[in-house]
Amino acid sequence: MTIQLYNTLTRQKERFEPIEEGKVKMYVCGPTVYNYIHIGNARPAVVFDMVRRYLEYRGYDVHYVSNFTDVDDKIIKSAEELDQDVMAVAERFIDAYYEDTEALGVKKADEHPRVTDTMPEIIAFIERLVAKGYAYESDGDVYFRTRKFENYGQLSHQSIDDLQAGARIQVGEKKEDPLDFVLWKKAKDNEIAWESPWGNGRPGWHIECSAMVKKHLGETIDIHAGGQDLSFPHHENEIAQSEALNEKKMANYWIHNGYINIDNEKMSKSLDNFILVHDIIKQYDPEIVRFFIVNAHYRSPINFSDEQLNAAGKALERIRTTYQNTAHRLAESADLGSDADSWKEKIISHRERFIEAMDDDFNSANAVAVMFDLVKTANLYLEEKQTAKSVLQSFLDEFDDMAFVLGIKVKEEEELLDEEIEQLIEERVEARKNRHFQRADEIRDLLKEKGIVLEDTPQGTRWKRGDV
RNA sequence: GGCGGCAUAGCCAAGUGGUAAGGCAGAGGUCUGCAAAACCUCGAUCCACCGGUUCGAAUCCGGUUGCCGCCUCCA
């Protein structure tokens, strides 16, 4: 079996074949850091992190690069409003980005290049486009000559004339053609700027990704990813710039995630209906937010609501409970089970189904369903009077693997309880032994108020954190 | 106007030619001192609507309706 993925370029699922065997070069468009990220920004971070984890799980050596746009109009505006330095604002929200995405289980990229660290490469890139006739200077700005690039529109599957017909783009006097887009912007007075052959200015939005991809990954990469709304014009323009210069295909596979909606409408900063990750994770365990995201296929739109998050929380709890019950049994019971092989075969068949699901365009919704089947199978095993340690361990290992790919935590942190609580639990065990159920129930209620939920099992009493 | 996506049980969500996964919610039962957790049983005679292709369609084709998105900064 091989991995199939939906390529926006061809609008169909294709078999994944990396350029270099066993290696994957992957680039994900990152955020413009002028504010805390909202959950719509979090989705690509999460789903492409999952894609990366899955590729690693399948044995690929993944070189994963994701950028920060740390200078542009919005940051400059934000800096003015906050009365702070542009770079300070960028720095602050880059830190916030790491904090928020880490909470959501997103691993850091191998490289997180910034525009401001890529300036020489960006300028060189533009210079060469000018030299090749694909770009021209106009009053301190530099524009890309879109119509000169013959394959323009290949990603959005639009003819250049349709694009122009539908364009509500104003024809700037500086541009030769309304479809031309800016590579270099002349600085206004007192604005943050870099020196260039065309005077002081800063890069346009699209050029940074072309330059960074080339610098960090090369002229042709395996996977280029981002939100659906980036496919046009951002990705289309990236292709135009890179392929005009390199005369090579920029990326073999383009993948785009669907939106997160609020009340069925796209969440965006301009619609002012966004929810910040920073805020939502105060209300819900970030693991729940992650689980909610991976529980749907990455290309489907998902609607964000309290009802859905609560359901996701319960669902995740079910997985964790089974994991804990399995771990508890492993620790507390003797190694007695027979028939170990048939149970292990069941576990392996779940693993195969999990891989099958993820191989099919990273269908994590199905992968999660397989995980729930494994939960059920594990629960059935726990119903057995006698269990084998090796089988219990196999269940845990399988859960760990699946959880790694999906980026969710199923293992609870080792935690010690207050001595006082420990004593109460001890006292209750004694009380139950002596059939003093009234006292036992009193203690259980008391602990519940403290957020400690007790469960009596044939292997003894265990506790977990619950709602206070 | 151009391009695209979606419409499956109370809610969410897979399935994309062979007779409807999974989760949440709900009902009944088993286990338990009681709980909790778990287990068992129950739910769409049907996949927006209308035609067509096929031995067979939620799945393919044509059309209709509704919703959403891109074409402008946006993940």
Side-chain angles (χ1 to χ4, degrees), chain A residues 8 11 13 28-32 34 37-48 72-74 77 153 156-159 161-170 179 205 225-234 236 256-261 264-271 274 291-292 295-297 299-303 305 307-319 321-322 324-325 328 353 357 360 363-373 375-376 378-383 432 435-438 440-441 444-445 448 453-458 461-464 466:
Chain A
T8 309
R11 285 187 179 161
K13 282 186 199 172
V28 179
C29 285
T32 300
Y34 67 105
I37 56 166
H38 62 237
I39 50 179
N41 299 306
R43 169 117 101 144
V46 167
V47 299
F48 299 126
D72 96 331
D73 292 350
K74 281 175 298 201
K77 193 173 162 220
S156 50
H157 300 93
Q158 298 263 47
S159 79
D161 292 317
D162 286 338
L163 284 166
Q164 177 142 21
R168 280 171 271 168
I169 311 163
Q170 287 184 342
L179 287 176
W205 175 39
Q228 210 171 68
D229 47 357
L230 293 186
S231 61
F232 191 91
H234 184 57
E236 195 75 71
H256 293 96
N257 64 275
Y259 297 121
I260 285 187
N261 295 146
N264 247 359
E265 280 195 339
K266 178 183 166 183
M267 174 184 305
S268 75
K269 287 174 182 168
S270 43
L271 282 175
F274 57 89
F291 182 78
F292 173 72
N295 193 211
H297 184 91
R299 283 192 284 119
S300 310
I302 48 179
N303 222 16
S305 69
E307 193 188 358
Q308 292 315 314
L309 280 182
N310 286 326
K314 294 245 178 73
L316 182 58
E317 189 58 32
R318 178 170 154 84
I319 297 172
T321 297
T322 294
Q324 295 311 123
N325 287 347
H328 185 252
R353 286 206 294 132
D360 182 15
N363 195 330
S364 54
N366 272 340
V368 169
V370 173
M371 200 167 178
F372 276 107
D373 285 342
V375 163
K376 183 148 192 164
N379 283 331
L380 282 171
Y381 189 62
L382 293 175
E383 293 278 299
R432 286 185 71 226
R435 304 187 67 81
H436 292 154
F437 296 122
Q438 197 180 334
D441 291 349
R444 187 167 61 199
D445 291 343
K448 194 175 179 199
V453 177
L454 297 184
E455 293 177 3
D456 301 320
T457 76
T461 296
R462 51 181 296 256
W463 64 272
K464 64 176 184 180

Round to a whole Å and report the spacing from [atom1] of [X] to [atom2] of [N].
| X | N | atom1 | atom2 | value |
| --- | --- | --- | --- | --- |
| A:Lys13 | B:U59 | NZ | C1' | 13 Å |
| A:Lys266 | B:C6 | NZ | C1' | 16 Å |
| A:His234 | B:A75 | NE2 | P | 9 Å |
| A:Arg462 | B:A35 | CZ | C1' | 15 Å |
| A:Asn303 | B:C68 | CG | P | 12 Å |
| A:Asp229 | B:U72 | CG | C1' | 12 Å |
| A:Arg299 | B:G69 | CZ | P | 19 Å |
| A:Leu309 | B:C11 | CG | C1' | 14 Å |

Report the base-pairing partner of [N] (Watson-Crick or G-U wobble, both distances below 3.5 angstrom), or none.
| N | value |
| --- | --- |
| B:A7 | B:U65 |
| B:U72 | none |
| B:C42 | B:G26 |
| B:U19 | none |
| B:C60 | B:G52 |

Compare side-chain N and O positions of [X] against OP1 and OP2 of [N] and report whether any pair is under 4.0 Å apart.
| X | N | value |
| --- | --- | --- |
| A:Lys376 | B:C40 | yes |
| A:Asn379 | B:C39 | yes |
| A:Lys77 | B:C73 | no |
| A:Asn366 | B:A14 | no |

For the [atom1] atom of [X] and the [atom2] atom of [Y], what is their distance to the nearest 0.5 Å?
| X | Y | atom1 | atom2 | result |
| --- | --- | --- | --- | --- |
| A:Tyr259 | A:Gln228 | OH | CD | 5.0 Å |
| A:Arg43 | A:His38 | CZ | NE2 | 11.5 Å |
| A:Glu265 | A:Ile260 | CD | CD1 | 15.0 Å |

May I ask you to say what [X] touches in the nucleic acid, namely base, sugar-phosphate or nothing, with a heavy-atom cut-off under 4.0 Å?
| X | result |
| --- | --- |
| A:Asn363 | sugar-phosphate |
| A:Ile260 | base |
| A:Gly226 | sugar-phosphate |
| A:His297 | sugar-phosphate |
| A:Asn325 | sugar-phosphate |
| A:Met371 | nothing |
| A:Asn264 | sugar-phosphate |
| A:Gln308 | sugar-phosphate |
| A:Leu454 | base |

Using a 4.0 Å cut-off on protein heavy atoms (strictly under), produce a 5'-to-3' string for nucleotides 24-34 of chain B with B for base contact, S for backbone-only sugar-phosphate contact, and - for none.
-> SS-------BB
Side-chain donor-acceptor pair present, A:Asp162, A:Ser159, cut-off under 3.5 Å = yes
Is a side-chain donor-acceptor pair under 3.5 Å present for A:Arg299 with A:His256?
-> no
Using the [atom1] atoms only, state how far [M] lies from [N], rounded to an integer number of Å.
| N | M | atom1 | result |
| --- | --- | --- | --- |
| B:C12 | B:C71 | P | 27 Å |
| B:G29 | B:C68 | P | 45 Å |
| B:C50 | B:A37 | P | 44 Å |
| B:C60 | B:U8 | P | 16 Å |
| B:A9 | B:A25 | C1' | 12 Å |
| B:A20 | B:C46 | P | 12 Å |
| B:G51 | B:A14 | P | 29 Å |
| B:A13 | B:C6 | P | 13 Å |

For A:Glu265 and for A:Leu380, locate the closest nucleotide of RNA chain B by heavy-atom distance; then report the residue assigned to the nucleotide nearer the 5' terminus.
-> A:Leu380
Starting at the 5' end of RNA chain B and moving along, which residue's nearest nucleotide shows up first, A:Ser268 or A:Ser300?
-> A:Ser300
Who are the salt bridge (Lys or Arg N to Asp or Glu O under 4.0 Å) partners of A:Asp373, not counting sequence neighbours?
-> A:Arg353
Exam field: side chain A:Thr321 to backbone A:Glu317, donor-acceptor pair closer than 3.5 Å | yes
For A:Asn264, does its backbone N or O pair with a side-chain atom of A:Asn303 as donor and acceptor, under 3.5 Å?
-> yes
Least distance between heavy atoms, A:His297 atom then A:Ala365 atom | N-CB, 4.0 Å
Contacts of type ring pair (Phe, Tyr, Trp, His ring centres under 6.0 Å), residue A:Tyr381, not counting sequence neighbours | A:Trp343, A:Phe395
